[in-house]
Amino acid sequence: MVFNPEIEQLPLLKLRELQNARLKQQVAYVYARVPFYKQKLDALGVHPSSFKGLEDLPKLGFTKKTDFRDNYPFGLFAVPESEIARLHCSSGTTGKATVVGYTAADLGVFAEVVARSLAAAGCRPGMKLQNAYGYGLFTGGLGIHYGAEKLGLTVIPVSGGGTDRQLQLLQDFQPEILCATPSYAQVLAEEMQRRGISREAINLQYAALGAEPWTETIRQQVETGLGVQATNIYGLSEIMGPGVSQEDVNERGTGSYIWEDHFYPEVVDKDTGEPVAEGELGVLVFTTLTKKAMPILRYWTNDITNIYYDKSGSRTHVKMGPIRGRSDDMLIIRGVNFFHTQVEDILSGLEHVSPYYQVIASRRGSMDEVEVNVEVSQTLMRELGLNTVTDEAMAQHECLQALQGSFAKKIKDNIGLSMKVTLLGFGELPRSEGGKLNRVKDLRNLA
């Protein structure tokens with residue numbers, strides 16, 4: 001379903017004209033209203049009167065995460081505090097949270113792009129949506145909530161976690177749609193199987209999953225376990241929240257449409273900052289085109305992906321590929337660039353392992369080392385009569401030795417790194433409780 005055909009299917013030339021006009025207005029707006037941007041643009045020699053629009057976009061430099069912290073809490077706002085209708089913030093890893101604000105008009109756009117996204121995900125007016133994103137300062141819960149209502153859905157605002165309650169409501173209320181992080185959708189699918197809850201006991205048809213990178217491996221597990229068609233919804237608080245881009249349910253695996261009438265995307269080289277060719281990997285950068293409370297120019301997201309136009313798609317807007325990782329969590333191991341999602345891709349081709357894993361980077365002397373912990377599947381554990389995988393069990397069962405060796409070889413062949421593989425019993429690695437799941441531990445700076 002296309003929620004807003006007039007915009008989502010706007011001819012590309014018309015879309016460029018709209019973007020160009022909105023970008024010029026946004027640059028003039030921030031120059032007049034945000035001291036940070038006036039000072040920045042003056043230093044770069046850019047003035048709204050001579051700014052030509054999209055062709056001059058690279059002249060604006062970048063807005064980084066540190067700029068939010070340096071202007072904490074409200075220094076990037078373009079309107080008086082009395083005009084702010086809502087505040088959200090994300091957790092601060094260095095002491096200060098990233099604060100974002102919205103005017104009433106911004107919240108209208110927020111609901112619009114989420115409604116577009118949910119429609120693309122397969123949702124239809126009159127359906128019920130179980131919202132397992134966290135409510136509160138995190139943008140996910142409320143962002144999905146109001147967009148779902150705008151589309152005409154009945155919202156079940158469960159919030160994150162509380163697996164017993166989530167499963168009970170899935171059975172009692174029979175919602176057709178689940179919104180959650182991919183890792184928590186995995187947990188629900190796994191718990192249904194463990195508790196003997198059949199897919200026929202629930203009524204789910206669609207799942208819109210986001211807030212963390214995920215792969216086709218997770219998609220397959222969630223779709224099989226919950227009986228849904230799962231799509232990716234992408235967003236970030238600094239730009240808006242969820243609903244910046246979305247996969248179409250009938251085009252799964254081909255990328256997510258970016259609603260580029262509101263969010264202009266670029267992909268740039270992570271080292272030079274120069275734009276890369278269409279389809280090439282780099283750092284995703286966004287410029288807001290319509291935000292009023294906190295307009296942002298060329299925000300360096302740190303997300304590694306690519307963008308491209310799909311001429312066979314149902315919309316004219318550009319698509320983004322899956323997030324391969326973040327430029328700030330990319331591990332450089334013995335000169336090789338490595339993202340943990342590469343491990344996940346390899347797991348999808350292995351039998352007898354669960355989709356749960358953890359990557360641990362450490363340093364022995366001057367040498368970087370990587371260990372991958374992965375769980376043996378529940379089925380194989382039962383066949384072997386094991387509760388955990390001990391050294392004794394490894395010595396006794398050749399199938400475990402073969403599994404360990406096969407995984408290590410595939411890592412070496414596909415990634416180019418030798419890694420220690422440790423097999424664990426099913427259920428030993430952390431599970432999501434509704435929030436993001438951290439799959440990487442980098443201990444090198446702690447040594």
Side-chain angles (χ1 to χ4, degrees), residues 22-23 26-27 29-30 33-37 40 57 60-79 84-103 105-107 109-111 113-114 117 133-134 136-144 147 210-213 233-246 256 258-268 270 273 282-305 307 320 323 325-329 435-436:
R22 286 181 169 178
L23 178 60
Q26 192 90 133
V27 168
Y29 181 78
V30 300
R33 290 172 170 258
V34 184
F36 165 79
Y37 277 121
K40 183 181 183 69
L57 191 57
L60 302 181
F62 297 103
T63 304
K64 299 285 188 79
K65 190 82 166 182
T66 52
D67 295 320
F68 283 82
R69 297 184 186 128
D70 292 344
N71 289 277
Y72 177 88
F74 306 139
L76 294 180
F77 286 5
V79 299
I84 298 294
R86 189 192 301 168
L87 292 170
H88 281 290
C89 64
S90 60
S91 58
T93 57
T94 59
K96 288 184 178 179
T98 298
V99 179
V100 293
Y102 305 80
T103 65
D106 293 334
L107 293 177
V109 171
F110 198 175
V113 295
V114 171
S117 298
Y133 285 116
L137 291 175
F138 172 58
T139 57
L142 288 173
I144 293 293
E212 61 189 14
I233 185 168
Y234 171 85
L236 58 168
S237 299
E238 294 86 348
I239 298 303
M240 180 64 80
V244 172
S245 77
Q246 169 69 43
S256 300
I258 297 172
W259 308 128
E260 55 175 322
D261 54 318
H262 293 292
F263 318 111
Y264 186 81
E266 303 170 83
V267 173
V268 302
K270 69 180 183 64
V283 177
L284 185 60
V285 172
F286 277 113
T287 296
T288 63
L289 298 177
T290 56
K291 283 279 290 292
K292 295 301 181 185
M294 198 182 72
I296 298 297
L297 303 180
R298 304 193 81 208
Y299 179 65
W300 183 283
T301 68
N302 273 324
D303 289 333
I304 302 292
T305 188
I307 59 175
M320 59 181 280
I323 301 299
R326 291 177 58 80
S327 60
D328 55 353
D329 73 9
K436 299 180 183 181

So CG of Leu142 and NE2 of His88: to nearest 0.5 Å the spacing works out to 5.0 Å
Using side-chain heavy atoms (C-beta onward) and a distance below 4.5 Å, is Tyr234 in contact with Thr301? yes
dist Phe68:CZ -> Met294:CE (nearest 0.5 Å) comes out at 4.0 Å
Taking the side chain as C-beta and beyond, is there a heavy-atom pair between Val109 and Met240 under 4.5 Å? yes
Quick one: CD1 on Ile307 to OG on Ser245, what's the gap to the nearest 0.5 Å? 11.0 Å
Check whether any side-chain heavy atom of Asp70 lies under 4.5 Å from a side-chain heavy atom of Phe36, and answer yes or no. no
Determine yes or no for a side-chain-to-main-chain donor-acceptor pair under 3.5 angstrom, with Thr288 supplying the side chain and Ile239 the backbone. no
With side-chain contact (heavy atoms from CB on, under 4.5 Å) as the criterion, how do Val113 and Val244 come out once you've worked through the C-alpha distance, each side chain's angles and the decisive distance to 0.1 Å? CA-CA 7 Å; Val113 295; Val244 172; over 6 Å; no
Looking at every heavy atom in both Val283 and Asn302, which two are closest together, and how far apart are they? CG1-N, 3.7 Å
Is any side-chain heavy atom of Asp303 closer than 4.5 Å to one of Met320? no
Taking C-beta and beyond as the side chain, do Ile323 and Ile304 meet within less than 4.5 Å on heavy atoms? no
Atom of Pro242, atom of Gly143 and distance for their closest heavy-atom approach: CG-CA, 4.4 Å
Decide if the gap between the ring center of Phe263 and the ring center of Tyr299 is smaller than 6.0 angstrom. no
Check: Arg22 side chain, Asp261 main-chain N or O, donor-acceptor pair, under 3.5 Å: yes
Below 4.5 Å, heavy atoms only, C-beta onward: do Val79 and Ile84 meet side chain to side chain? yes
Keeping Tyr29 on the side-chain end and Lys292 on the backbone end, is there a donor-acceptor pair under 3.5 Å? yes
From Lys40 NZ over to Leu297 CG, what is the distance, rounded to the nearest 0.5 angstrom? 9.0 Å
For the residue pair Leu284 and Pro265, what are the closest heavy atoms and their distance? CD1-CB, 4.4 Å
Can you give me the closest heavy-atom contact between Leu87 and Leu137, atom names plus distance? O-CD2, 4.3 Å
Return the CD to OH distance between Gln26 and Tyr37, rounded to the nearest 0.5 Å. 9.0 Å
Heavy atoms of Val114 and Gly147 approach each other most closely as CG1-CA, 3.6 Å
May I ask you to check if Lys291 and Phe110 form a cation-pi contact, with NZ or CZ under 6.0 angstrom from the six-membered ring centre and within 45° of the axis? no
Once you round to the nearest 0.5 Å, how far does NZ of Lys270 lie from CH2 of Trp300? 9.0 Å
Is any side-chain heavy atom of Ile233 less than 4.5 Å from a side-chain heavy atom of Ile144? yes
Between Val34 and Ala78, which heavy-atom pair has the shortest distance, and what is it? CG2-CB, 3.7 Å
Test side-chain contact (heavy atoms from CB on, under 4.5 Å) applied to Glu238 and Ile296, step by step: CA-CA 8 Å; Glu238 294 86 348; Ile296 298 297; 5.6 Å; no
Close side-chain approach of Thr139 and Tyr102, heavy atoms under 4.5 Å: yes
